[in-house]
2 protein chains.
Amino acid sequence: MTQPTREKILDVVFKLVYINGYNGTSMAMILKECGIPKGSLYHYFKSKKEMVLAVVSERINPRMDEFYQLNVEESQEGIDTLLAAILKVSKKELLVSYGCPLNRLNQEMSPVDSDFEKAINSIYNRLRDKITLLLENSQLKLDVDKESLSEFIIASVWGSISLSPTQSTTGRYIQTISHLINYLKSLKV
Amino acid sequence: MTQPTREKILDVVFKLVYINGYNGTSMAMILKECGIPKGSLYHYFKSKKEMVLAVVSERINPRMDEFYQLNVEESQEGIDTLLAAILKVSKKELLVSYGCPLNRLNQEMSPVDSDFEKAINSIYNRLRDKITLLLENSQLKLDVDKESLSEFIIASVWGSISLSPTQSTTGRYIQTISHLINYLKSLKV
DNA sequence: TCAAAGTTAGACCAATCAGTCTATTTAGAG
DNA sequence: CTCTAAATAGACTGATTGGTCTAACTTTGA
């Protein structure tokens, strides 16, 4: 069973836009990579923008949890789930090399298009809230503000994997992010 | 005395590329914003790429120190200079709203063009080394690795100001980055 | 079996892209 | 003033952009 056309398009567009950016990816590149004619593509999506917004909601959004391995395990405290997730990022080669796809698209599109801004922000907020929940489900020092800590965690992980796309390696990421790990551990009671 | 044409071009290109990105900024936009004819622009720069690379070395590079207010003051310890600099970032509105110009260009261009990658990396390395130097000139706990700590500092600052271009505010940045401040303070002897 | 709907196919379009070219104006040196 | 080089001016080009349109093929349900 071959993959339905629409799904294949979303996969290809996700990959190309992730690496080349929105403006760096042309419809011609997408058609070539998909191996489909133009008519098919515009049958499923009425414009480039609508197509990439579909990638945001149907590819990036549902995979954020998977990317960051934030599946809550009942057996451990929230903060330990989080610590494990931060380390597991190093296992995702694409993520370490190219940075977070949501963050990349955010930087390129949010300043110039409010539809992208809204779509991206809602995913970001969902991720932040999920992390906040994990933190609230942990024994931390009382004066720790969970929401800003969530933001700090996301910021430093995204920052670490975006420092240098080509120089980035698993080892380097682990070294850099070890400081976040240290800090988080120091917040435990 | 009006600003020389070449300098004006660099200023305009810096601003437009900072906000719209490389591929999001057309030569036509640049000409219009500068109010000059095409002949002038191509008299000073032989291509768009060379022009933006000139912006990297003649605008972004010399202003990195200024951006991050990393001017060493003899009177205080390195880490205190650093702590002050991290807070002073909040005073730079553009920086807090749109993120670091070097980081933005890095994410867009480094994966697809090695000339940009090299130019950006060398600036990044210079910044990291400067911060490392400040750290080495500080009384920190002995087991702290200064180089990875520099990377972590840059990563979390860049990450914090890139989280949400339009939602970003001074106050939010300070809240997020307070965790970095806490961590750094905890490393002092 | 046949018509309708869904899908594929790609020629075609106006607008825009980065870049070239020649002509003209301006500025400085002698 | 005169000559030369620098700078300005913008028409023009071929390639590429996102997007449209009609025709044909395939699938589906009656």
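Naming: A, B, ... by sequence-line order, numbering from 1 per chain.
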| request: Check whether any side-chain N or O of A:K146 sits under 3.5 Å from a backbone N or O of A:N137 as a donor-acceptor pair, and report yes or no. | output: no
| Within the distance-only criterion (no hydrogens, no angle test), does the side chain of B:E108 pair as donor or acceptor with the backbone N or O of B:N23 below 3.5 angstrom? | yes
| said: Does anything in residues 33-58 of chain A come within less than 4.0 Å of DNA chain D? Heavy atoms only, and list the residues if so. | reply: A:K38, A:Y42, A:S47, A:K48
| Members of residues 16-27 of chain B that approach DNA chain D, where some heavy atom sits under 4.0 Å away |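 Going residue by residue through residues 16-27 of chain B, none turns out to have a heavy atom under 4.0 Å of DNA chain D.
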| message | Could you work out, with ring pair (Phe, Tyr, Trp, His ring centres under 6.0 Å) as the rule, every residue matching A:Y44, not counting sequence neighbours? | response |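 With neighbours one apart ignored, the set is empty.
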| request: Go through the side-chain N and O atoms of A:S57 and A:N61 and say whether any donor and acceptor fall under 3.5 Å apart. | output: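 No, no side-chain donor-acceptor contact under 3.5 Å.
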| said: Going 5' to 3' along DNA chain C, between which two nucleotides do contacts with chain B fall, using a heavy-atom cut-off of 4.0 Å? | reply: C:dC17 to C:dT20
| In whole Å, what is the span from the CD1 atom of B:I9 to the C1' atom of D:dA7? | 11 Å
| field | Interatomic distance, A:L31 CG vs D:dT16 C1' [rounded to whole Å] | value |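 So the CG-C1' distance, A:L31 to D:dT16, works out to 13 Å.
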| Just wondering, do B:V157 and B:Y173 contact through their side chains at under 4.5 Å, heavy atoms? | yes
| query | Is there side-chain contact between A:L134 and A:I79, with heavy atoms separated by less than 4.5 Å? | reply | no
| query | Do A:E151 and B:R172 meet the salt-bridge criterion of a basic N to acidic O distance under 4.0 Å? | reply | yes
| request: Not counting sequence neighbours, which residues clear salt bridge (Lys or Arg N to Asp or Glu O under 4.0 Å) with A:K49? List them please. | output: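 Expected list: A:D113, A:D115.
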| Which atom names give the shortest non-hydrogen contact between A:A119 and A:L53, and what distance separates them? | CB-CD2, 4.1 Å
Using atom types as modelled, flag every donor-acceptor pair under 3.5 Å from a side chain in residues 31-42 of chain A to any protein atom, sequence neighbours excluded.
{"from": "A:E33", "atom 1": "OE2", "to": "A:K15", "atom 2": "NZ", "distance (Å)": "3.3"}

